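Before any comments, here is the structure.
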Number of protein chains: 4
Amino acid sequence: MNRLKLGMLGGRQGAFIGGVHRIASRIDDRFELVAGALASDLERAAVSADELGIAADRSYANFDEMATAEAAQDDGIDAVSIVAPNHVHSGPIIAFLEAGINVICDKPLCASAEEANAIEAAVSVSKARFILTHNYNGYPLIRHAREMIARGDLGAIRAVQAEYVQDWLTETIEDSGQKQASWRTDPVRSGEGGAIGDIGTHAFNLLTFVTGLGAESLSADLHSFGTGRQVDDNAHIMLRLENGARGMLWASQVAVGRENGLRLRIYGEKGGLEWDQENPNRLTFTAFGEPTQTFTRGGAGVGDRAGDWTRIPPGHPEGYLEGFANLYSDAADVISGVSDGVLLPGIKAGLDGMWFIQACISSSQSNGTWIKRNSKS
Amino acid sequence: MNRLKLGMLGGRQGAFIGGVHRIASRIDDRFELVAGALASDLERAAVSADELGIAADRSYANFDEMATAEAAQDDGIDAVSIVAPNHVHSGPIIAFLEAGINVICDKPLCASAEEANAIEAAVSVSKARFILTHNYNGYPLIRHAREMIARGDLGAIRAVQAEYVQDWLTETIEDSGQKQASWRTDPVRSGEGGAIGDIGTHAFNLLTFVTGLGAESLSADLHSFGTGRQVDDNAHIMLRLENGARGMLWASQVAVGRENGLRLRIYGEKGGLEWDQENPNRLTFTAFGEPTQTFTRGGAGVGDRAGDWTRIPPGHPEGYLEGFANLYSDAADVISGVSDGVLLPGIKAGLDGMWFIQACISSSQSNGTWIKRNSKS
Amino acid sequence: MNRLKLGMLGGRQGAFIGGVHRIASRIDDRFELVAGALASDLERAAVSADELGIAADRSYANFDEMATAEAAQDDGIDAVSIVAPNHVHSGPIIAFLEAGINVICDKPLCASAEEANAIEAAVSVSKARFILTHNYNGYPLIRHAREMIARGDLGAIRAVQAEYVQDWLTETIEDSGQKQASWRTDPVRSGEGGAIGDIGTHAFNLLTFVTGLGAESLSADLHSFGTGRQVDDNAHIMLRLENGARGMLWASQVAVGRENGLRLRIYGEKGGLEWDQENPNRLTFTAFGEPTQTFTRGGAGVGDRAGDWTRIPPGHPEGYLEGFANLYSDAADVISGVSDGVLLPGIKAGLDGMWFIQACISSSQSNGTWIKRNSKS
Amino acid sequence: MNRLKLGMLGGRQGAFIGGVHRIASRIDDRFELVAGALASDLERAAVSADELGIAADRSYANFDEMATAEAAQDDGIDAVSIVAPNHVHSGPIIAFLEAGINVICDKPLCASAEEANAIEAAVSVSKARFILTHNYNGYPLIRHAREMIARGDLGAIRAVQAEYVQDWLTETIEDSGQKQASWRTDPVRSGEGGAIGDIGTHAFNLLTFVTGLGAESLSADLHSFGTGRQVDDNAHIMLRLENGARGMLWASQVAVGRENGLRLRIYGEKGGLEWDQENPNRLTFTAFGEPTQTFTRGGAGVGDRAGDWTRIPPGHPEGYLEGFANLYSDAADVISGVSDGVLLPGIKAGLDGMWFIQACISSSQSNGTWIKRNSKS
C-alpha cells in the first residue's frame, strides 16, 4: 500500500473544517497526514501537530516555510489541505502551487477578485493540481443526477430551484464572540459576502455542477436581518442560465428551523429531479407522465459507476463525511495518475463562485440590476 | 333547519371548478342549489340544471336575467357562485351585487384592471357581500398559522418562501384543444397572466393571508417555455413586504413531477413555519433553539378554535374539498348574520391579486424593475 | 336528477360517526336524508331530526316503527344508515332487511356471534343489499393496490404488515365519562373486543380486501394497559393467510403520538406496496430490482378507473370523507341497479371481522394458540 | 498522539464487513491496523495484508499463531477485530481473550449454544474486554432515545415495535453462488438462524438497548419463502418484556423495496419515540397530549453529551459508518482506561442474541409456544 503524504494549512485541533478534512482524508485510507502549519501561533501549532501525530520537524511556522521545506524533501507532501479563513487562501495556494505541491482548498476560493486573479494565474502555470472542496458534489446521488442530465433524461433544462438555508445566525451571536460567527460575518476575514459566500456559493456550485450549465446573469436582493451585521444573512437571487433556463437561489442563515437545508430541484422538458442534503441517500426523479421514482444511493437503477463513490450497501446511509471523502479519494486518483478527475471542482468552480458573490453584491446594490457573467472567467 | 338558497353562474355538469364549488357548498349542508345559468348555450344549461335538480323555471339564459328574476322572488337565491372563466367575472359580479345578491366568485377577480375598478366600485356601494374563493386559506392549519403569526409566535417576519408549481402544461396541450389548457393559456379569456394568474395569485394570497403583511414591491422574471404559448408558464418573483421582510415566489406549470405543489415557508425572528398543500393536515413549527414541532389538523396544541373548521378527528385527513367547504360555511355564517367573516377573502384580496398579476408583467417587461404596490388599491 | 331517499338509525346531531355518514352521503349528491330514528329518547330524536331537515312525521321512536312505516310508503327510504353502538346493530339490520330496505351499517357487524348468525340468515333471504362501512377500502389508492395485486404485479403474496394505532385511550378517560371512550370500552355496548373490534377489524378488513386473501389462522396477544379497563387496548397478532403468506397486525389505542395510524404494507415475490391512511393520496410500489415508484391519487400510472372514485385532480388531496363517500356512491349505484358493487364490503366482511375478534380473544386466552378460520363463515 | 494497535481476523481486502470495520476504526483516528490473519489461504492473506499496509511479518496463518505472536510482542496489538463468518467466531474469541488481547467481534456472537457457553466462560475469566459490534446502538439518536427512556420521559414502557427488513434474498441468489447469500443461508457457516440471526438479532439488541428491558418470553413464526432455502428468510415474533410491556419484531429478507429498514418505535405511558435507520439523524418524540417533536443529531434539545458521539453540526448527516465508528471510539476509551464503556455491547448482548435465535427456532418449531428467557444467560 502506498498512502499519499498530506500536509495541512490551518485547522488546528478543535477547528471545525480542519477536522472534517482530516476525517475525509482518512476514510478511504489514501492519505497520511505528515506535515502542517496548523496555527499562526507556533506553539499552538506544535501542540496540535503532536496531537495529530505529525513529527515535530514537520510542524511549520507558516505556509512559505512549509512549501519550501516540503518541496525540498524526498518524501515531501503530495498535497496540502488549506483550511484557513478565506483571506488566508490566496497566499498559501500560490506558494504551494509554485512549489509543485497539489492543493486541496476549502471554499470559497478567496476573499477578493484580485486574489482570485492571482490564483488563476498561478494555477494556469503550475503542473500541480488545484482542487476546491465544493464537497456537496461528492455525494453519489448528486453525481448520478449530473449523469442523468448529461445523457438527456430531463431534456433541455428549464427551471432550477436551489437553496441553502440555516438558522444559526438568527441572533447576532457574533456580538458575543462566537468564533465561527465572528470570522464568517467579518468582511475582512470572510470577504464581502456573508451567506452568499459561505453557503450560497455551495448552492450555486451544485446547480452548475449538476446541470452542466453556467450562469448567464443574475439579479439579487441581499439583506442583513441581524442588527449591525456587516454582511448579508439572507439572499434572494434570480438566475438565467446559459441555455435560457431560469432559476432561483435562496441562501439564508436566519431561516429558523433549518439546519443545513441544501436542496436542489431541477426541471427539464422531459423530467424533473429533487434532492435534499439532509437526507442525501435519496433522489427523486419524474419522467413526464410517469410516476415519480426514488433512487437510493447504490440502489436499483443507479448504475454501475455508483460503486466508485460508495462503500456500503443501499439502505445503510452514508453522509456528509463520505461525500467529502469522495473528493479526497478522487484527488488521490488524480495525484496517482489513475484518473483525470473530471468531476473534481477546481479553479473554474472557484472563479464562478467569486463571480457569484460579486454579482450578487453588485446587483443588490443597484436594486436588482441583472449582472451578466463576464466572458473572461 | 334552514339551508340557504344558492345559484350558480357557469359550471355546467362536467366543468371542473363548478363541480368543486357544488361539493364544497354541500359538505356542511348549509346551501341548497336552486338556480343557475350554467352554460351560455340555453339547451345545455337546461340539461345540466335538470341533472343537478334545479327546477326548469330557475335555469336562466344569462346572468342578467337570473339576477333580475331571483332578486324579484320571495325565496330568491341568497348567494350566487360565479365559476365562469375570468373574462366572465365582472359582468355577473356587478349584476348580482346590484341586485343585492351575495357573490361567491372564483379567483382571480377578473381579466383586466378596468374590470377590477368596476367591481371595486360595485362592492363599495352594495349591501351584499363579495367573497373570492382563495380556497387554500380555508385549510384549518393555514388559519392556525395565521393566528400564530398574529399573536407573535414567530416575532417579526423576515423571510417568506411561497410556491405553487404544477407540470400539466409541460407540453403545449392547448394546441390539441385540451379544454382547461385552452382557456387558461388564452389571454382573452384568462387575462394577461398565465401561471401567475391561475396559481401565482393563490400563492401570493396565501402568503399575505398568513403573514398579515402586504407587498411593498416585487421584481419578476416571467417566461414561457411552451413553444408559441402566449402567457407565462413559469414565474420567478422576488418580494419585499411592507414590514421589510423579503420573499420569493415561484409559480410554474412546467415543473415535471409536481402536481399541486403549493408550499409556504415563513421565518421570523423567533420562529419558522412550513406547510405543504399536498399533505395539508400537518404544519411544522420551530421556535428558535427548540426542536421542530408538528401540528396536526385538530391535534395537540392547535387550540380550541380548530373545531370550527374541521369535521373529523386528527389523523383522519381532510383535504382540498373540506378546505373549500370552510369558505362556504363561513359564507353561510356571514349571510346568516352570525359572523362577520373576517377570515373570508374579498375585494381586497381580489385587488391584491390583480396588482400582483399586473406588477409581475410590468416588472418582467422592464427586465426586473421593482414595481411598488400602488397606495390606492 | 333522482336522489335516493336515506334514513338513519342512531346518529343524532353531534354524534361522531352519524355526522360522518351524513357528510359522506351528501358529497356526491346521490342521497337525501328524509327519515330517522336518531336517538332512543323521542324528544331528542325529534330535535335532531328537525335540525337535519327531516320532516316531523318521519322522525321515529325506534327502528321497528321506522322499518314498518317506511316500507309502507310509496316514496319510503331506499336505504338506512345504521350508526348506533355495536349492540344496537343486529336488531335494526334484520328489521330493515326484512322490510326490504337496503342497509348501510357501520362496523363491526355486531356485538356477538349469535347476533352475527342471525344477521347472516337475514341477509341470505333478503332481496335488499347489506353494506358494511369498512370505509378505508373506499380510498382510491387502496382500490388501485387491490387491482395491482389481482393482476399479478406483486406475484404471490408472502408477507403482510397491517396496523391501526391511536393514542386516545392512553389514559383511562372512560373513568371520567368521556362519551366515546365509555361505550367503546364497555363490553356490553361494544362487544368483547376493544381495540381489536374498534380498529383492528378495519386493519384486518383492509388487508384481506387488498390482498384478496382470507385468513387461515391467527395467534394473538391482547393486553389492556389502562388500569381497570375491561377490553383490550393493545393487540399483537400473527397471521397466516390462506395462500401460505404470513402477516402481522398491530392494533393499539395507547401508542402515544399516533392519531389514526392505519398502515398497510404488502410484499410478494415480485413486488411490494406501502400505504398510510394519514397521507392517503400516495401509494409506493417497488418492482423487485427497480426503483420505488410513488403513485398519487388519480396521477400517472394509476389507470383509467381512478376517475370513478375521485373528484379532483392529483395533488389536490382527498381525505377520509371522500373515501367514505365512495362507499355511499357505490351503494347508490348498486341500489340504482347500475353496478353490482363488487368492491363494497358486506356480510362476508362482517363475518370475517366477527371471526377476527373472537379468534383474537380465544387465542389470547389460550396463550397464543393458533385459531383456524372456521370453514362455515 | 497514541493510536492503539489493531489486528484483524478475517476481512481480507474486498470482504464487506471487514472493510466496514476498518473504516470505522479509522474515522476517529484512534486505531492503527498493524496485524492480521485476513484469510484462511495464507497467500491471499499476505496479499491483502500488503494492500492494507500490514507488515509481512505480522500477517499470520491463523488466529492461534496470531494471538500467541502478538501477545508476545512489546508493541503487540491492543485489540483484534473478528470479522469472519459466525462459525469462526468462538475459536478466535477464546484464543485472543486468553492471550489478554481485547476482542471486538462482529455479531451474532457465534453459531451455536455450545460455542456461546465457551465464550461466556472465557470472557468471565479474562482481564481483556469483549465487545460485540451491534453497531446500530452507536447511532447518537439511539443513545439519546435510551437516555430519554432511562430518565423517564416515556414513563413505563408499554408497546415496542421493532423491525429489520431487507429484500436482497427475494430470489434464491445463493443457488447461483452469490457469496454473501451463500454463507448467510448456510446453517453450517451462519448457524441455524437466517434472517433472525443476521438482522433479527440487531433489531432485538436495539430494542433491549434502548428500552433497558430484557425479554421475558417470545412466540415466533419463522418461514422460508425462498424455495429450498435452509434457514428462515421471514420472521414474525411477538415479545413480552420483563416489565410486562408487549412487543412485535419483524425480520425479513424478502420484503421487496426495503433496503436496510431497521425501525424502532417505542410507546410508554407518557410518551412515544420513533426512529428509522435509513434516515438516522432524526428521532421523533411525542409527549402525550403535546405536538410531536423532531430531534436531530446534535440539534436542539438533544443535550450536552451528544457531542461525544458526533463530529459535525446538525443538518449535516452522519450515517452508518459514523455510528459504527462510535463503537470503535468507545472501545478505544475503554482500552485506554478513560471510560468504563457502559454503552458498549458485550457478552450479555451476545448471549441475549443467541437466546433470541434459539428461542425463535424453538417457538416456531412448536407452533408458536411462548419460550421464556432462561434465567442463566
Side-chain angles (χ1 to χ4, degrees), chain A residues 154-156 158-161 163 165 167-168 170-171 217 219-223 225-227 233-240 244-250 252 254-259 261 265-274 284-293 363 367-370, chain B residues 154-156 158-161 163 165 167-168 170-171 217 219-223 225-227 233-240 244-250 252 254-259 261 265-274 284-293 363 367-370:
Chain A
L154 279 76
R158 291 173 161 186
V160 180
Q161 307 298 116
E163 62 187 51
V165 293
D167 71 0
W168 69 293
T170 293
E171 300 181 347
S217 57
S219 167
D221 191 27
L222 309 186
H223 198 72
F225 286 104
T227 308
D233 53 26
N234 190 79
H236 285 158
I237 300 154
M238 301 195 297
L239 291 162
R240 294 177 185 157
R246 304 303 167 101
M248 288 188 121
L249 192 152
W250 175 40
S252 183
V254 298
V256 179
R258 306 312 319 169
E259 295 180 331
R265 298 180 287 173
I266 303 173
Y267 307 92
E269 58 189 13
K270 292 168 50 185
L273 280 175
E274 303 189 355
T284 56
F285 170 65
T286 312
F288 183 63
E290 302 288 333
T292 296
Q293 293 181 303
S363 175
N367 206 27
T369 304
W370 285 88
Chain B
L154 278 76
R158 291 173 160 185
V160 180
Q161 309 297 117
E163 63 188 47
V165 293
D167 71 1
W168 69 293
T170 293
E171 300 180 347
S217 57
S219 168
D221 191 27
L222 309 187
H223 198 71
F225 285 104
T227 307
D233 52 27
N234 190 81
H236 285 158
I237 300 154
M238 301 196 297
L239 291 162
R240 295 177 185 156
R246 304 302 166 103
M248 287 188 121
L249 191 152
W250 175 40
S252 184
V254 298
V256 179
R258 307 312 318 168
E259 295 179 331
R265 298 180 288 172
I266 303 173
Y267 307 93
E269 59 189 13
K270 291 168 51 184
L273 279 175
E274 303 189 354
T284 57
F285 170 65
T286 312
F288 184 63
E290 301 288 334
T292 296
Q293 293 181 303
S363 176
N367 205 27
T369 304
W370 286 88

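Everything quoted here is computed from the prediction, not taken from an experiment.
- The shortest heavy-atom contact between B:Phe225 and A:Gly244 is CE2-O, 4.1 Å.
- For the atom pair A:His236 NE2 and B:Met248 CE, the distance stands at 5.5 Å (nearest 0.5 Å).
- B:Glu290 does not touch chain A: none of its heavy atoms, backbone or side chain, sits under 4.5 Å away.
- If you tally non-hydrogen atom pairs under 4.5 Å between each of B:Trp168, B:Phe288, B:Phe285 and chain A, the highest count goes to B:Phe288.
- When heavy atoms are compared at a cutoff of 4.5 Å, B:Ser219 approaches chain A by way of both its backbone and its side chain.
- In terms of heavy atoms, A:Val256 sits closest to B:Thr286 at CG1-O, 3.5 Å.
- Both the backbone and the side chain of B:Asp221 come within less than 4.5 Å of a heavy atom of chain A.
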Please report the C-alpha distance between A:Val254 and B:Tyr267 in whole Å, then the side-chain angles of each, then the deciding distance to 0.1 Å, and finally whether the side chain to side chain contact (heavy atoms under 4.5 Å, CB included) criterion is met. CA-CA 8 Å; A:Val254 298; B:Tyr267 307 93; over 6 Å; no

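- Taken to the nearest 0.5 Å, the CH2 atom of A:Trp250 stands 14.5 Å off from the CH2 atom of B:Trp250.
- Within the 4.5 angstrom heavy-atom criterion, only backbone atoms of B:Ala287 (N, CA, C, O) approach chain A.
- Donor-acceptor pairing under 3.5 Å is recorded for the side chains of B:His223 and A:Arg246.
- Among the candidates B:Ile266, B:Asn367, B:Leu239, B:Thr369, the residue making the largest number of heavy-atom pairs closer than 4.5 Å to chain A is B:Asn367.
- Within the 4.5 angstrom heavy-atom criterion, only backbone atoms of B:Ile237 (N, CA, C, O) approach chain A.
- One finds no salt bridge joining B:Glu171 and A:Lys270 here, because no Lys/Arg side-chain nitrogen approaches an Asp/Glu carboxylate oxygen to under 4.0 Å.
- For A:Asn234, the part lying under 4.5 angstrom from a heavy atom of chain B is the side chain only.
- Ranked by non-hydrogen atom pairs under 4.5 Å with chain B, the options A:Gly257, A:Pro291, A:Ala255 are led by A:Ala255.
- For the options A:Glu163, A:Arg258, A:Arg265, A:Gln161, heavy-atom pairs under 4.5 Å to chain B are most numerous at A:Gln161.
- Using modelled atom types, one side-chain atom of B:Arg158 and one backbone atom of A:Thr170 make a donor-acceptor pair closer than 3.5 Å.
- Looking at B:Ala220, the atoms closer than 4.5 Å to chain A (heavy atoms on both sides) all sit in the backbone: N, CA, C or O.
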